[in-house]
Amino acid sequence: MNILVVGGGGREHAIIKALKKNSDVKTVYCLPGNGGIQGDAECYPVGAKNIPMIVHFAKTHRIDYAVVAQDDPLALGCVDALASVGVPAFGPDKNAARIEASKVFAKELMKKYGIPTARYEAFTESEKALAYVETCPVPTVVKADGLALGKGVTVCMTREEARRAVIAAMEDRAFGDAGSSIVIEEYLEGPEVSVLSFTDGETLVPMISSMDHKRAHDGDEGPNTGGMGTVAPNPYYTPEIAAECMERIFLPTVRAMAAEGCPFKGCLYFGLMLTKDGPKVIEYNCRFGDPETQVVLPLLKSDLLTVMRAVTEGRLAETPVEFSDKSAACVIIASKGYPVKYESGFKIELPAPEEGREIYVAGAEAREDGLYSKGGRVLGVTAVAGSLKEAVREAYAYAEKVKFENGFMRRDIGARALRLLEE
Ligand code: AMP
Ligand code: GLY
């Protein structure tokens with residue numbers, strides 16, 4: 001089979017490595033991929049948002065199955081466009097991708113179907129939003145409606161910060177069109193859990209839970225990033241909480257999407273906060289999380305391609321999805337200064353492969369004499385082991401063997417999870 005993966009970061013690298021375990025897979029193409037993915041897939045410089053070129057590529061390269069991994073092409077209808085030329089693809093169609101692409105859509109869905117989430121108000125005019133922040137409870141959270149590279153959310157501890165966030169999004173257009181409409185929501189507190197799930201629109205199978213580390217620096221200091229590391233499973237996510245989430249959040253979401261006439265097929269990601277009033281939805285994503293995928297897929301025992309095709313064909317109920325009982329940790333090595341200001345073009349030397357360890361390349365280009373950094377998040381170093389403690393230790397031990405002088409990593413990935421396990 002010829003497989004096409006659309007996207008080009010660490011998540012896509014992890015998906016490709018998992019797909020290649022299936023012996024029916026002959027060639028994997030990745031658009032645009034990156035210099036590190038190139039070792040595992042044939043990469044071509046077609047942007048992930050260039051839907052007509054992606055469709056053209058799929059036709060001319062006789063693609064049997066595609067995986068659209070990134071948010072923008074999903075929101076632009078890449079899955080619909082591929083399906084219209086007879087190429088089945090993993091991921092939601094344009095209508096269903098709104099669950100991530102529009103916060104207003106997601107919040108209205110949750111309100112209508114009684115799915116627990118933060119209380120909110122939606123605004124399309126800055127005067128009304130500014131008037132609201134004068135009286136709403138603080139802290140509060142200001143969110144751009146559309147896709148904003150994970151930067152559209154501002155947690156505001158004071159009214160002044162909230163005013164500034166509204167002005168930045170709606171008047172200064174810091175997130176472009178994504179911020180012309182905003183949501184202002186109740187501030188929630190509690191540990192965060194990411195749960196990725198497979199769903200074919202009717203059946204939903206949660207994957208192993210994970211914990212992201214969003215802030216740039218140790219001790220959860222510094223600005224929000226795309227994610228600086230992950231561990232799986234997430235020890236806060238007990239079997240009781242998992243059962244509650246299934247009943248009150250996951251299945252109601254799948255049924256709500258079907259009832260709205262936009263059944264969701266693909267990977268539905270639940271960003272949850274475990275508050276003292278129970279689990280609540282912080283965000284939905286219409287795709288695999290990055291870097292959650294880099295710890296979740298190495299623990300998947302079932303064949304990824306088989307599960308994905310079952311999702312696309314509506315056969316998930318009869319398809320086993322099994323996870324290992326081991327643990328995984330992923331440490332991101334980013335360019336110094338990320339996410340604010342950083343430079344690219346530094347040489348990277350990767351260590352020799354080792355059993356139970358993987359390096360997923362998120363941002364690099366291949367030159368004649370090797371790999372060079374390109375972008376903010378550069379590498380994801382994952383280890384799988386019998387316990388979370390060992391997985392964290394081994395991920396750091398392997399990361400230490402990477403030579404990349406402009407890189408930095410958080411030193412406390414997994415620390416909060418390990419503290420809970422030791423309590
Ligand atoms: P998002 O991009 O929606 O995942 O938001 C980024 C981060 O902002 C989340 O991981 C949370 O840490 C934080 N956040 C988002 N919404 C809320 C909320 N209602 N209350 C507290 N923190 C939030
Ligand atoms: N790690 C969070 C995300 O993929 O949005």
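Whatever order the structure lists ligands and atoms in, that order sets their numbers, starting from 1. Note that this is a predicted model, so its numbers are computed, not measured.
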If we number the atoms of ligand 1 from 1 as shown, the ones under 4.0 Å from a heavy atom of Tyr187 are 20 (N), 21 (C)
Does the pair Arg393/Glu390 count as a salt bridge with the N-to-O cut at 4.0 Å? no
Going by atom types only, do Ser373 and Tyr342 share a side-chain donor-acceptor pair under 3.5 Å? no
Option with minimal heavy-atom separation from atom 11 (C) of ligand 1, where the choices are Arg215, Glu186, Glu192, Lys280: Glu192
With ring centroids as reference points, do Tyr372 and Phe346 lie under 6.0 angstrom apart? no
Would you mind running through ligand 1 and noting each atom that sits below 4.0 Å from a heavy atom of Glu185? 16 (N), 17 (C), 18 (C), 19 (N)
Between Asp145 and Phe105, does the side chain to side chain contact (heavy atoms under 4.5 Å, CB included) criterion hold? Intermediate values first, please. CA-CA 9 Å; Asp145 177 51; Phe105 174 84; over 6 Å; no
If we only count N/O pairs under 3.5 Å, is Asp290 in contact with ligand 2? yes
Nearest-contact summary for atom 2 (C) of ligand 2 - protein heavy atom, Å: Tyr269 OH, 3.5 Å
Using a heavy-atom cut-off of under 4.0 Å, does the side chain or the backbone of Glu189 touch ligand 1, or both, or neither? neither
Output the list of atoms in ligand 1 that are nearer than 4.0 Å to some heavy atom of Lys214, sorted by atom number. 4 (O), 10 (O)
Could you measure the distance from the NE2 atom of His213 to the CG atom of Asp412? Nearest 0.5 Å is fine. 6.5 Å
If you measure from each non-hydrogen atom of Arg287 to ligand 2, which part falls under 4.0 Å: side chain, backbone, both or neither? side chain
Between the CZ atom in Phe404 and the OG atom in Ser335, the distance rounded to the nearest 0.5 Å is 4.0 Å
What are the atoms of ligand 2, with element, lying closer than 4.0 Å to any heavy atom of Asp212? 1 (N), 2 (C)
Any heavy atom of Gly226 sitting closer than 4.0 Å to ligand 2? yes
I'd like to check whether Asn224 has a polar contact with ligand 1, where a contact means an N/O of the residue lying under 3.5 Å from an N/O of the ligand. no
When you measure from the heavy atoms of Gly289 to every atom of ligand 2, does any distance fall below 4.0 Å? yes
Near Asn285, which atoms of ligand 2 are under 4.0 Å from a heavy atom of that residue? 3 (C), 5 (O)
How many angstroms lie between atom CZ of Arg119 and atom NZ of Lys107, to the nearest 0.5 angstrom? 10.5 Å
For Arg11, which part has a heavy atom under 4.0 Å from ligand 2: side chain, backbone, both, or neither? neither
Considering Glu283, Arg119, Met273, Lys143 one by one, which has a heavy atom nearer to atom 16 (N) of ligand 1 than any of the others? Lys143
Please check if the number of heavy atoms outside Glu343 that lie under 6.0 Å from its CD is greater than 12. no
Counting heavy atoms only, which of Val281, Leu188, Val155 comes nearest to atom 20 (N) of ligand 1? Leu188
Do Glu292 and Tyr269 have a side chain donor and acceptor closer than 3.5 Å? yes
Can you list the atoms of ligand 1 that are under 4.0 Å from a heavy atom of Val153? 1 (P), 2 (O), 3 (O), 5 (O), 8 (O), 15 (C)
Is the shortest N/O to N/O distance between Glu292 and ligand 2 below 3.5 Å? yes
Under 4.0 Å, counting heavy atoms only: does Lys103 come that close to any atom of ligand 1? yes
From Lys17 NZ over to Thr382 OG1, what is the distance, rounded to the nearest 0.5 angstrom? 10.0 Å
To the nearest 0.5 Å, atom CD1 of Ile51 lies from atom CG of Leu76 at 5.0 Å
If you measure from the Lys or Arg side-chain nitrogens to the Asp or Glu carboxylate oxygens, is any gap between Arg411 and Glu400 under 4.0 Å? yes
